[in-house]
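Below: the structure, in structure tokens.
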Amino acid sequence: QVQLVESGGGLVQAGGSLTLSCTASGLTDRIYGMGWFRQAPGKEREFVGTITWTTAGTFYADAVKGRFTISRDNAKNMMFLQMGSLKPEDTAIYYCALGDSRVLTTTRNVKYWGQGTQVTVSS
């Protein structure tokens with residue numbers, strides 16, 4: 001079955017950088033698009049960024065625009081989230097997402113979720 005596995009989470013100081021990875025496996029259909037979401041304690045899961053698989057076009061939430069960069073490796077079915085200038089408010093569980101849409105900006109477009117990886121930014 002389809003499986004998404006994230007890695008790279010951890011503890012980092014404010015202003016620092018961290019890169020997350022997501023690997024998709026067990027796919028029986030092509031990838032249209034993937035995305036990153038995050039959820040802080042007591043908050044709803046929110047959109048972070050998305051990337052189309054054929055053109056690598058990207059779209060980011062305003063909160064992370066200019067600081068985060070999404071990329072992908074088509075051959076390896078991998079997606080990456082480079083996070084820079086991290087702030088304490090970036091602290092959350094980050095989830096990798098796969099759907100039937102090329103652009104995944106809302107949870108309703110998500111078909112599969114990764115298990116999540118914790119990112120904690122200290123002040």
Side-chain angles (χ1 to χ4, degrees):
Q1 62 269 18
V2 175
Q3 185 176 24
L4 303 178
V5 179
E6 301 101 331
S7 64
L11 175 65
V12 63
Q13 293 183 338
S17 301
L18 200 63
T19 298
L20 307 181
S21 299
C22 172
T23 302
S25 62
L27 299 173
T28 58
D29 196 8
R30 66 174 178 171
I31 295 175
Y32 295 94
M34 295 185 73
W36 289 98
F37 292 77
R38 67 186 183 185
Q39 188 167 18
K43 302 291 183 64
E44 294 183 354
R45 189 167 299 185
E46 67 176 8
F47 167 73
V48 174
T50 186
I51 186 168
T52 63
W53 221 247
T54 55
T55 65
T58 56
F59 182 76
Y60 303 93
D62 289 341
V64 306
K65 192 176 300 181
R67 299 188 298 118
F68 291 11
T69 301
I70 296 176
S71 60
R72 56 94 170 97
D73 186 330
N74 300 65
K76 296 182 178 181
N77 287 344
M78 294 185 69
M79 177 179 64
F80 308 92
L81 180 65
Q82 294 177 284
M83 303 181 291
S85 300
L86 284 163
K87 307 173 182 179
E89 49 262 46
D90 293 319
T91 295
I93 299 175
Y94 283 71
Y95 296 92
C96 174
L98 172 66
D100 293 329
S101 175
R102 289 180 173 84
V103 179
L104 301 177
T105 57
T106 65
T107 58
R108 64 184 179 184
N109 293 328
V110 178
K111 190 174 183 178
Y112 302 99
W113 294 98
Q115 81 286 355
T117 185
Q118 177 71 47
V119 173
T120 302
V121 184
S122 63
S123 59

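- Taken to the nearest 0.5 Å, the CZ atom of Phe59 stands 11.0 Å off from the CD1 atom of Ile70.
- Side-chain contact annotation: Arg38 with Tyr94, donor-acceptor N/O pair under 3.5 Å present.
- Salt bridge present: Asp62 and Lys65 bring a charged side-chain N and a carboxylate O closer than 4.0 Å.
- Taking OG from Ser101 and CZ from Arg108, the interatomic distance works out to 10.0 Å, rounded to the nearest 0.5 Å.
- Judged as a side chain to side chain contact (heavy atoms under 4.5 Å, CB included), and not counting sequence neighbours, the contacts of Ser122 are Leu11, Gln13.
- Applying the side chain to side chain contact (heavy atoms under 4.5 Å, CB included) test between Leu18 and each of Leu81, Leu86, Thr117 identifies Leu86 as the sole match.
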Start with the C-alpha distance between Leu98 and Met34, add both sets of side-chain angles, then the distance that settles side-chain contact (heavy atoms from CB on, under 4.5 Å), and finish with yes or no. CA-CA 5 Å; Leu98 172 66; Met34 295 185 73; 3.9 Å; yes
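- Judged purely by atom type and a 3.5 angstrom limit, Arg72 has no side-chain atom pairing as donor or acceptor with the backbone of Phe80.
- Ala14 is linked by a side chain to side chain contact (heavy atoms under 4.5 Å, CB included) to Pro88, Val121, counting only residues two or more places apart in sequence or in another chain.
- Identified under the disulfide (SG to SG under 2.5 Å) test for residues 1-110, with sequence neighbours left out: Cys22-Cys96.
- Under the side chain to side chain contact (heavy atoms under 4.5 Å, CB included) criterion, Ile93 pairs with Tyr95, Gln118, sequence neighbours left out.
- Residue Leu27 holds its CG atom at 7.5 Å from CG of Leu4, rounded to the nearest 0.5 Å.
- Taking all atoms of both residues into account, the shortest heavy-atom contact from Thr52 to Thr55 is OG1-OG1, 2.7 Å.
- Counting only residues at least two apart or in different chains, ring pair (Phe, Tyr, Trp, His ring centres under 6.0 Å) contacts with residues 103-123 comprise Phe37-Trp113.
- Considering Met83, Met79, Gln82, Glu6 as possible partners of Leu20, the one that fulfils the side chain to side chain contact (heavy atoms under 4.5 Å, CB included) test is Met83.
- Between the OG1 atom in Thr106 and the CZ atom in Phe47 there is a gap of 9.5 Å [rounded to 0.5 Å].
- Proximity of a side-chain donor or acceptor of Asn74 to a complementary backbone N or O of Trp53 within less than 3.5 Å is detected.
- Rounding to the nearest 0.5 Å places CG of Leu104 at 12.5 Å from OH of Tyr32.
- Listed by first and then second residue, the disulfide (SG to SG under 2.5 Å) pairs that reach into residues 39-77 come to none, sequence neighbours excluded.
- Between the side chains of Gln39 and Glu46, no donor N or O sits under 3.5 Å from an acceptor N or O.
- The OG1 atom of Thr19 sits 10.5 Å away from the CZ atom of Phe68 when rounded to the nearest 0.5 Å.
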